[in-house]
Amino acid sequence: MALAPGCTRPAPSPAPSAPQTSAATPRGPGLVVLTDVDPRIRTDIRYAGAHNFVGRPVAGYAEPLCLFTRRAAEALRRVQDAALARARSLKVYDCYRPQRAADDFVEWAGQPGEQRMKAEFYPRVAKSELFDEGYIGAPTAHSRGSTLDLTLVDVPTPTQPSYVPGQPLVSCTAPEGQRFADDGVDMGTGFDCFDPLAHTDSPQVTGVARDNRRLLRQLMTDGGFVNYDREWWHYRYRDEPWPDTYFDVPVARSSAGPAGS
């Protein structure tokens, strides 16, 4: 959810912002479906469903897919090789995010009464502070096509229970075994946990969870990705092909080219 580097945090507003493109920029950033490049990588695309901080599918997520620039996808395949050598696999929560989704988050932030998912995703932070604290950003590096949110899972991977809309919510800061039973390894918080405990090097996260965060960062850093220090799950490919351009094609297979081209 991080703010794009070099951008200031705007005040929440329902007015959408236009993607930054030019006549010389193609309509799309040359996306591929990640699982076409590497079917071993697991996906759990949260913004295509209801289990996320807004509690509904997000604008622009027509299909539950991870779309990624080819360069970043090939780098992630190498990270997956390294993870599997440690008996772990990557699991992706979000990849390319269209500009309309970032606009949807801005509009949601301007609705103070809409807080149905607060108890899980931001139990200790006021909704009005989510932008100022850096938990939500617009524009976002995700819209450039080479940033993703992910975790590690054990191999073999345990079964993850399905989220049922309306089910009782538990704080993302609760201990493993009490919060939502994600099939990922213990990272000290759930995904998209808007809380200081989710900062990658939070001193309050110790033991196994700290080791898991460090392993993920080592694997991703060795693979050419850079972590956002307020979110243990957020990584940007350092050599991204579109460092200054934000795209708005929907998350759908029709927005991607063939994996082998």
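Keep in mind that the numbers below use all heavy atoms, side chains included, and drop hydrogens, waters and symmetry copies. Count residues from 1 along the sequence. None of these values were measured; they are calculated from a predicted model.
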(request) Output the distance between atom CZ (R70) and atom CG (D36), rounded to the nearest 0.5 Å. (result) 10.0 Å

(request) With rounding to the nearest 0.5 Å, note down the distance linking CG in D38 to CG in L84. (result) 8.0 Å

(request) Apply side chain to side chain contact (heavy atoms under 4.5 Å, CB included) to the pair E240 and T69, showing each step before the final yes or no. (result) CA-CA 8 Å; E240 59 180 314; T69 59; 6.0 Å; no

(message) Hydrophobic cluster membership, with links at side-chain heavy-atom distances under 4.5 Å among I/L/V/M/F/W/Y: are V153 and F191 in one?
(response) no

(request) Write down the atom of C193, the atom of T173, and the distance for their closest heavy-atom approach. (result) SG-CG2, 3.7 Å

(message) Can you classify the ring geometry of H199 versus Y135 as parallel (below 30°), tilted (30 to 60°) or perpendicular (above 60°)?
(response) tilted

(message) Show the nearest heavy-atom pair for residues S171 and P123, with the distance to one decimal.
(response) OG-CG, 3.2 Å

(message) Could you tell me if the side chain of C66 sits less than 4.5 Å from the side chain of L148, heavy atoms only?
(response) no

(message) A side-chain contact here means heavy atoms from C-beta on lying under 4.5 Å apart; do D186 and R179 qualify?
(response) yes

(message) Is there a path of hydrophobic side-chain contacts, each under 4.5 Å between heavy atoms, that joins V170 and L197?
(response) no

(request) Please check if the side chain of K127 supplies one atom and the backbone of W108 the other of a donor-acceptor pair under 3.5 Å. (result) yes

(request) Mark yes or no for whether D94, through its side chain, and D149, through its backbone, hold a donor-acceptor pair below 3.5 Å. (result) no

(message) Determine whether T200 and R214 satisfy the following criterion, side chain to side chain contact (heavy atoms under 4.5 Å, CB included), listing intermediate values before the conclusion.
(response) CA-CA 8 Å; T200 307; R214 289 178 175 177; over 6 Å; no

(message) Given 3.5 Å as the limit, does a donor-acceptor pair link the side chain of Y122 with the main chain of E129, or not?
(response) no

(message) I'd like to know if the side chain of W232 and the backbone of R213 have a donor-acceptor N/O pair within less than 3.5 Å.
(response) no

(message) If the test is side chain to side chain donor-acceptor pair (under 3.5 Å), which one of T157, T151, D154 qualifies with R88?
(response) D154

(message) Between E231 (side chain only) and Y228 (backbone N and O only), is there a donor and an acceptor less than 3.5 Å apart?
(response) no

(request) Find the distance between CD (E176) and CD (Q178) and round it off to the nearest 0.5 Å. (result) 10.5 Å

(request) Indicate, with yes or no, if L34 and L219 share a hydrophobic cluster defined by side-chain heavy-atom contacts under 4.5 Å among Ile, Leu, Val, Met, Phe, Trp and Tyr. (result) yes

(request) Could you tell me whether a side-chain N or O of Q80 sits under 3.5 Å from a main-chain N or O of L90, the two making a donor and an acceptor? (result) yes

(message) I'd like to know if K91 and D183 make a salt bridge, using a cut-off of under 4.0 Å between side-chain N and carboxylate O.
(response) yes

(request) Pick out which of L215, D211, N212, L216 makes a side-chain contact (heavy atoms from CB on, under 4.5 Å) with V185. (result) N212

(request) Search all heavy atoms of P250 against all heavy atoms of S255 and return the closest pair with its distance. (result) O-OG, 2.7 Å

(request) Kindly indicate, with the supporting measurements, whether the criterion side chain to side chain contact (heavy atoms under 4.5 Å, CB included) is fulfilled by V125 and L130. (result) CA-CA 7 Å; V125 179; L130 294 179; 3.8 Å; yes

(message) Check this for me, if you would: do R217 and D229 make a salt bridge, where the nitrogen-to-carboxylate-oxygen distance has to be below 4.0 angstrom?
(response) no

(message) Would the distance check show the side chain of H142 and the main-chain N or O of C95 forming a donor-acceptor pair, the cut-off being under 3.5 Å?
(response) yes

(request) Nearest 0.5 Å please: distance from the CD atom of Q160 over to the CG atom of D44. (result) 5.0 Å

(request) Measure the CZ-CG distance between R97 and D248 for me, rounded to the nearest 0.5 Å. (result) 13.0 Å

(message) Testing the basics here: between P29 and R144, what is the closest heavy-atom pair and its distance to 0.1 Å?
(response) CB-O, 4.3 Å

(message) Other residues, nucleotides and ligands only: do more than 12 of their heavy atoms fall within 6.0 Å of CZ on R40?
(response) yes

(request) Sort out for me which residue in D192, L150, N227 forms a side-chain contact (heavy atoms from CB on, under 4.5 Å) with W233. (result) D192

(message) With ring pair (Phe, Tyr, Trp, His ring centres under 6.0 Å) as the test, pick out the partner of F53 among F121, Y93, F105.
(response) F105

(message) Testing the basics here: between A50 and M117, what is the closest heavy-atom pair and its distance to 0.1 Å?
(response) O-CE, 4.1 Å

(message) Give me the atom names and distance for the closest heavy-atom approach of P98 to V251.
(response) CD-CG2, 3.6 Å

(message) Within this structure, what is the OG1-NE2 distance for the pair T140 and H234, rounded to the nearest 0.5 Å?
(response) 6.0 Å

(request) Return the orientation label for the Y61 and Y47 ring planes: parallel under 30°, perpendicular over 60°, tilted otherwise. (result) perpendicular

(request) Show your working on side chain to side chain contact (heavy atoms under 4.5 Å, CB included) between Y96 and V249 and close with a plain yes or no. (result) CA-CA 10 Å; Y96 162 75; V249 296; 3.4 Å; yes

(request) Using the rule that two of Ile, Leu, Val, Met, Phe, Trp, Tyr join whenever any of their side-chain heavy atoms come within less than 4.5 Å, decide whether V226 and F68 are in one cluster. (result) no

